[in-house]
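Scroll down for the structure; my scribbles are underneath it.
Here is how names work: the chains are called A, B, and so on, in the same order as the sequence lines, proteins then strands, and each is numbered from 1. The figures that follow rest on heavy atoms only: side chains count, while hydrogens, waters and symmetry mates do not. Everything numeric here is computed off the predicted structure, so don't read it as measured data.
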Protein chains: 2
Amino acid sequence: MARGVGSSDGKRRPITARELARMIGVSQSAVSRAFTPGASIAAELRQKILKFAEEQDYHPNAIASMLSKSRTNIVGIVVSDMSNPFYPALIQKLSQGLQRIGLQSLLFNITKGSNIEEQLSALRRYNVDAVIVISATMLSGATLHWATEGRAAILINRVVEDADINCVCCDNVEGARAIADHFHELGRRRVAYVSGLSHTTTNLERQNAFITRIAELGMTLTGRVDGGEYSYEAGRRAALEIAAKNNADAIFFANDILAIGGIDALREDVGKRVPEDISVAGFDDIPMASWPHYALTTFRQPLDEIVTVVVGMLEDGSCQPGQPSSVRRISGGLIVRHSTGPLG
Amino acid sequence: MARGVGSSDGKRRPITARELARMIGVSQSAVSRAFTPGASIAAELRQKILKFAEEQDYHPNAIASMLSKSRTNIVGIVVSDMSNPFYPALIQKLSQGLQRIGLQSLLFNITKGSNIEEQLSALRRYNVDAVIVISATMLSGATLHWATEGRAAILINRVVEDADINCVCCDNVEGARAIADHFHELGRRRVAYVSGLSHTTTNLERQNAFITRIAELGMTLTGRVDGGEYSYEAGRRAALEIAAKNNADAIFFANDILAIGGIDALREDVGKRVPEDISVAGFDDIPMASWPHYALTTFRQPLDEIVTVVVGMLEDGSCQPGQPSSVRRISGGLIVRHSTGPLG
DNA sequence: ATATGACTTGCATACGCATTCAACATGAAC
DNA sequence: GTTCATGTTGAATGCGTATGCAAGTCATAT
């Protein structure tokens, strides 16, 4: 049999609270209390114990603590798409925010090939204190419900209004309207829209708000293309499709990575000038959006605020089951760069 | 006091093995065995128990299992830089590879601002079965040793030859030499080198191999600039510094994200033509390297193979403490695109 | 001097599962 | 029919910590 990770040989067993207690001549309870903030223990004794603990390299065993407290201090983070640079950035900030309040991040990567239910069953077996689902386009509503049932859960950038689920989400309507208004101010009148996954809530909100707004402004929707995924390549394909019809003077891509693919296709493959011939806007404000070649006009998702809100909900318990669920919309901001401009 | 994540109200306690056993009329041991592959239990009884478990929605509590087996099935992944797109891609594939053999990924984000020792103490308290350190430039050798001491550990893209630590690493020497040879074949003779963090082992290996090779080939090193970090902005600054001296006809950047920043600076800020005036090469082959505007010639790090090797070491236990440690070099491949070309 | 209360401390037990050990059943071999 | 090997099961215990409870200490108030 393969020995594998975790086989016991080679690891010297760490010292336990009981052993440390015996050395010092106190009870195991005392050791436990020394490490429990606010526990009933004399300051003097606590110091003594902590000093010995330091010397003996004693560390409380978090596993045992989990078992007896039935609280793990672990948050499951469910992700489905790390190839969009927006998400690594979010995950990084999120995991740092969680670490700041003493929570660890257990990562769950959901992809097409994998057995989702089996992976998510780990959420239950590991007793994670909370689940944060980051735009898991792979998850059906039923799976989502099953995975989060009975525990604290927050969805980021996916909204389920009717179900009893907490959502934290950039204000997609605000963003899409801002882009529409911006196109209008630039004199663009014939605009197209490119979605990533058409059924995702982020897309539906952006798309509907955008189309509604351009109608209000008297502009024409010349095309609507679904890329099939939120990727650079999908953006390229969609842009080519739109360019073939040759009747749009502006394109709003559902996110930045699509938009960047779109810009490359327009310039490299069909020789369009961006922004003169066709203006392009995206959504997210990923790092590449500010690269000069793209200089992408976009609607910024405020990562820090999103993380702050999520961490806050975890901290104050407002995402606990039993608490009323809420949908928090975080306001973003239009970033105007050079991928949009007057007709020229 | 804030209620916070994990407060007990609102969660109904899941059923335990003992309760399930009582319902069925068997012992708790039997339930445990039913869920333990290879355990001594009649196939018939196992099926019966599994059927009831399904009905009663019983799931073994992984925490309790950890405590009694002193094996967590959790791997700590220590990361310091998610802003370089290479790492999210690696993390994604890695966590999927781990999930495939039943291991979960606990993520540790190390950044300048954070208290590293405090964060890494969680590695010990949580009893992770193994630690994978991904190019943690933030970690001193001592901290690294402390964090991984006495447990299975693998460093990815950081090499510590003398210490007793397992390393899996792209063959930097092979890559740097390939770039040098490529420059030479193109007729470039005056080359510069840009490092990210000069003291990192990836940099030292690439730099030394590159410089050695260009000397062998009779080429001139016109400059060597340290960017101070592996970032787009650092690449820009370094490129400007080199362009100011105006005596290089090719630049090898220590990685792709630097190179991309460099290309933008050369083209946008100082009006150089890439590749005609200056050829540029990077290292990693991140997704952006294939974007047509950059079309970056680079040395590809074989992500899948790296992950395969790491997962294999975890699976066969060859990274356990007590086992002889090894440094595995994974061979990559030169990807020639249009950021390098003949003088023109 | 006694009563009261606030603090401290240790004992014992619970947390849920894995595993050892002994008991038992079954069937084959003699 | 007896013996032995093999396979199956349950009782009991351990994993390391947290915590309710009772006992104890000490100072203050009466």
Side-chain angles (χ1 to χ4, degrees), chain A residues 1 6-8 11-50 53 56-73 122 124-127 129, chain B residues 1 6-8 11-50 53 56-74 122 124-129:
Chain A
M1 171 189 169
S7 44
S8 57
K11 281 186 194 170
R12 58 173 191 348
R13 197 175 52 76
I15 184 178
T16 71
R18 189 176 306 276
E19 291 166 346
L20 182 68
R22 194 161 303 157
M23 290 181 188
I24 308 182
V26 297
S27 71
Q28 177 262 320
S29 318
V31 175
S32 173
R33 292 189 178 107
F35 282 90
T36 306
S40 169
I41 184 175
E44 200 176 331
L45 179 56
R46 165 173 279 151
Q47 287 314 315
K48 181 178 173 188
I49 292 177
L50 291 180
Q56 301 294 326
D57 198 30
Y58 165 78
H59 295 262
N61 181 329
I63 306 295
S65 170
M66 290 178 199
L67 184 58
S68 83
K69 289 203 297 192
S70 55
R71 184 194 205 289
T72 56
N73 279 354
R124 305 164 69 105
R125 290 184 295 109
Y126 279 70
N127 266 323
D129 286 341
Chain B
M1 172 187 168
S7 43
S8 58
K11 281 184 192 173
R12 61 179 187 342
R13 197 175 53 77
I15 184 177
T16 70
R18 188 177 306 277
E19 290 164 348
L20 182 69
R22 194 160 302 158
M23 292 181 189
I24 309 181
V26 298
S27 71
Q28 177 262 321
S29 317
V31 174
S32 173
R33 291 190 179 104
F35 282 89
T36 306
S40 169
I41 184 175
E44 200 176 333
L45 179 57
R46 165 173 278 151
Q47 288 312 316
K48 181 179 173 187
I49 292 178
L50 292 180
Q56 302 294 328
D57 197 32
Y58 166 76
H59 293 263
N61 180 326
I63 306 296
S65 169
M66 289 178 202
L67 185 58
S68 78
K69 289 202 298 192
S70 54
R71 186 195 203 289
T72 56
N73 279 351
I74 292 179
R124 304 164 72 103
R125 289 185 295 109
Y126 279 69
N127 264 324
V128 298
D129 286 341

Query raised in the report: Taking CZ from B/R18 and P from D/dG10, how many angstroms apart are they, rounded to a whole number?
Result: 13 Å

Report task. Let me know the distance between NZ of B/K69 and P of D/dT13, rounded to the nearest Å. Result -> 23 Å

**Report entry** Between P of C/dA25 and CD1 of B/I41, the distance in whole Å
**Finding:** 18 Å

Query raised in the report: So what does B/V26 hit on the nucleic acid, given a heavy-atom distance under 4.0 Å: a base, only sugar-phosphate, or nothing?
Result: sugar-phosphate

Report task. Verify side chain to side chain contact (heavy atoms under 4.5 Å, CB included) between B/N73 and A/R125, making sure each step is shown before the conclusion. Result -> CA-CA 12 Å; B/N73 279 351; A/R125 290 184 295 109; over 6 Å; no

Report task. Send over the distance from A/I49 CD1 to C/dT9 C1', rounded to a whole Å. Result -> 10 Å

Requested in this report: Between B/S27 and B/L67, name the one whose nearest nucleotide on DNA chain D is closer to the 5' end.
Outcome: B/S27

Query raised in the report: What heavy-atom pair brings A/I49 and A/A34 nearest, and what distance separates the two atoms?
Result: CG2-CB, 3.6 Å

**Report entry** Minimum heavy-atom distance between A/V31 and A/A21, given as atom pair plus value
**Finding:** CG2-CB, 3.7 Å

Report task. Using a heavy-atom cut-off of under 4.0 Å over every strand shown, decide if B/S65 touches base, sugar-phosphate, or nothing. Result -> sugar-phosphate

**Report entry** Rounded distance in Å - CG (A/N61) to C1' (C/dC15)
**Finding:** 13 Å

Query raised in the report: Does a side-chain heavy-atom distance below 4.5 Å link A/M66 with B/Y126?
Result: yes

Query - Minimum heavy-atom distance B/T72-B/V128, with the two atoms named - result: OG1-CA, 3.7 Å

Query raised in the report: Taking OH from A/Y126 and P from C/dC17, how many angstroms apart are they, rounded to a whole number?
Result: 14 Å

Query raised in the report: Looking across every strand, which nucleic acid part, if any, lies under 4.0 Å from A/S32 by heavy atom: base, sugar-phosphate, or nothing?
Result: base

Report summary line: Between B/D57 and B/I15 the two heavy atoms that sit nearest each other are O-CG2, 4.1 Å

**Report entry** Nearest-angstrom distance from the residue atom CD1 of B/I63 to C1' of C/dA18
**Finding:** 15 Å

Query - Atom-to-atom span, CZ of A/R46 to P of C/dT9 - whole angstrom - result: 10 Å

Give each protein N/O atom lying under 3.5 Å from an N/O atom of nucleotides 20-23 of chain D, with the pair distance.
from   : atom 1 : to    : atom 2 : distance (Å)
D/dG20 : O6     : A/R33 : NH2    : 3.0

Query raised in the report: How would you list, by chain and number, every residue that makes a side-chain contact (heavy atoms from CB on, under 4.5 Å) with A/S29, sequence neighbours excluded?
Result: A/S27, A/R33

**Report entry** No-H, no-angle donor-acceptor pair, B/Q28 side chain to D/dA11 base, under 3.5 Å
**Finding:** no

Query raised in the report: Would you say a side-chain N or O of A/Y58 is under 4.0 Å from OP1 or OP2 of D/dT17?
Result: yes

Query raised in the report: With sugar-phosphate meaning primed atoms plus P, OP1 and OP2, does B/L45 contact a base, only sugar-phosphate, or nothing at under 4.0 Å between heavy atoms?
Result: sugar-phosphate

